[in-house]
Protein chains: 2
Amino acid sequence: MSTNDNSVNIKIDKRGYHHGDLRSALMQAGLELLKTRSADEVSLREIARMVGVSATAVYRHFPDKAALLGALCDEGGRELGRLQLDAMEKSGGGRTGFDAVGRAYVRFALDNPTLFRMMMTTRHAVDFLDMPAGRDSSALQLLRDNIASLAPAGASPEQRRVAALRAWSIVHGLAMLMLDNQVPAEDALIDAVIDSVSVGIAT
Amino acid sequence: MSTNDNSVNIKIDKRGYHHGDLRSALMQAGLELLKTRSADEVSLREIARMVGVSATAVYRHFPDKAALLGALCDEGGRELGRLQLDAMEKSGGGRTGFDAVGRAYVRFALDNPTLFRMMMTTRHAVDFLDMPAGRDSSALQLLRDNIASLAPAGASPEQRRVAALRAWSIVHGLAMLMLDNQVPAEDALIDAVIDSVSVGIAT
DNA sequence: CGGCAATGTTTACATCGATAACATGAGTAC
DNA sequence: GTACTCATGTTATCGATGTAAACATTGCCG
């Protein structure tokens with residue numbers, strides 16, 4: 001925020017034809033609007049208006065609207081990965097850590113409803129079983145690693161895979177149901193459902 | 001010009017200026033288009049064009065676009081309920097039946113991607129725990145009944161509630177992940193994850 | 001200092017959802 | 001049968017949107 005204030009001030013001072021860093025300004029404005037409106041209720045023109053730039057200026061930095069939103073998704077993905085990593089480290093590893101990661105997942109979804117939905121809908125098809133391991137999908141990576149360390153010693157790779165997918169399904173399904181108001185978004189409910197997750201895995 | 005063509009076609013169909021049953025014709029066309037395109041990629045005008053009627057004729061039967069889509073959601077909800085009931089009856093009750101219901105849920109989602117997404121996103125907020133029991137939410141009702149009959153005898157209402165939500169989260173999450181291409185939509189995978197659901201509940 | 005490439009702007013267009021005024025025709029009362 | 005009426009469909013139009021094309025400005029590199 002302080003950095004932005006600085007940029008803005010500088011821009012006001014210089015007040016130029018050229019915007020200091022339009023690309024990130026657009027992304028920030030877009031992110032802001034996505035907090036309220038849904039993805040297609042946000043227009044490029046509104047984003048541009050917000051930044052104080054002509055509507056078509058956007059096209060100097062993104063080929064089209066989808067590209068802008070895509071960039072936001074990427075950033076969201078990194079943020080989610082960071083939050084999950086944080087959650088796990090802060091709570092030690094093991095089952096507790098696993099639960100924390102799941103909670104972070106749901107929490108992120110609830111805190112960024114539209115962005116999360118877009119991240120999931122828009123994202124390139126990643127084959128769940130053989131993840132590139134170097135991708136920005138650190139969220140999934142974390143999930144997998146956790147499953148591996150929690151599953152019983154005798155579990156086959158296939159069993160681990162199913163357990164991981166099931167765990168992911170639970171947190172993802174819960175997040176979606178709450179996002180869509182099919183279920184009240186109560187913390188207690190999240191905790192209760194999440195707790196049962198790791199129990200199920202270790203079985 | 002193309003509108004004239006349409007009138008001609010309609011006349012051949014014995015109906016003149018007035019379409020026989022525009023409302024259901026529109027809904028059918030909409031449903032058809034939703035099989036391919038996503039919700040906001042489908043335009044009222046295209047639906048109208050498909051039926052061979054002017055764009056604004058839609059407004060004689062639906063107050064706006066959302067209303068048309070809402071009607072489709074309602075129909076989809078009834079269909080899903082029917083399929084689930086069918087699945088359970090055909091496979092006997094108990095755990096097997098419960099798995100069948102879950103499978104039907106996921107299958108429906110995969111067969112009607114956009115419609116399912118809309119049904120979940122658009123639907124009125126239903127409080128999961130005290131369902132009206134008479135609503136068209138027979139899908140949820142069925143889920144609840146199954147949970148009740150499968151949960152161990154000593155389970156508290158709260159435990160049953162969590163178990164139900166967890167089961168719902170699993171099938172819903174799995175459906176969503178597959179819809180969004182985050183996970184391959186393979187039957188074997190569905191079966192594997194679903195099987196583990198009832199096991200988890202009965203634990 | 002001069003010019004090029006990057007960055008913004010203006011103009012324009014097709015499409016969309018929606019409203020308003022008008023047209024048609026099916027059913028009904030006389 | 002004639003005339004009225006109202007549900008249903010049409011045409012005209014509006015403002016908003018995503019995007020392309022042509023034009024303007026300016027930072028930077030020789």
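Numbers restart at 1 for each chain; the letters A, B, ... are given by sequence-line order, proteins then strands.
- Atom CD of A:Glu41 and atom P of D:dG18 are 12 Å apart (whole Å).
- In this structure A:Arg37 satisfies the side-chain hydrogen bond (donor to acceptor under 3.5 Å, both in side chains) test together with A:Glu46, sequence neighbours excluded.
- Counting only residues at least two apart or in different chains, salt bridge (charged side-chain N to carboxylate O under 4.0 Å, His left out) contacts with residues 106-122 of chain A comprise A:Arg107-A:Asp187, A:Arg117-A:Asp180.
- The nearest whole Å value for the distance from the CG atom in B:Leu22 to the C1' atom in C:dG25 is 15 Å.
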Where protein sits on nucleotides 10-20 of chain C, one letter per nucleotide: B base, S sugar-phosphate only, - none, heavy atoms under 4.0 Å = BB----BBBB-
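- For the OP1/OP2 pair of D:dA7 and a distance below 4.0 Å, the side-chain nitrogens and oxygens of B:His61 include no atom meeting the criterion.
- Here B:Asp86 pairs with nothing under the side-chain hydrogen bond (donor to acceptor under 3.5 Å, both in side chains) rule; sequence neighbours left out.
- Atoms CZ (B:Phe62) and C1' (D:dT8) sit 14 Å apart, rounded to a whole Å.
- Of the charged side-chain nitrogens involved, at least one lies within less than 4.0 Å of a carboxylate oxygen, so that A:Arg161 and A:Glu158 count as a salt-bridged pair.
- Legend: residues meeting side-chain hydrogen bond (donor to acceptor under 3.5 Å, both in side chains) with B:Ser43, ordered by chain and number and at least two apart, are absent.
- Remark: A:Glu32 engages no residue in a side-chain hydrogen bond (donor to acceptor under 3.5 Å, both in side chains) (not counting sequence neighbours).
- Put simply, CG on B:Asp40 is 13 Å from C1' on D:dT17, counting in whole angstrom units.
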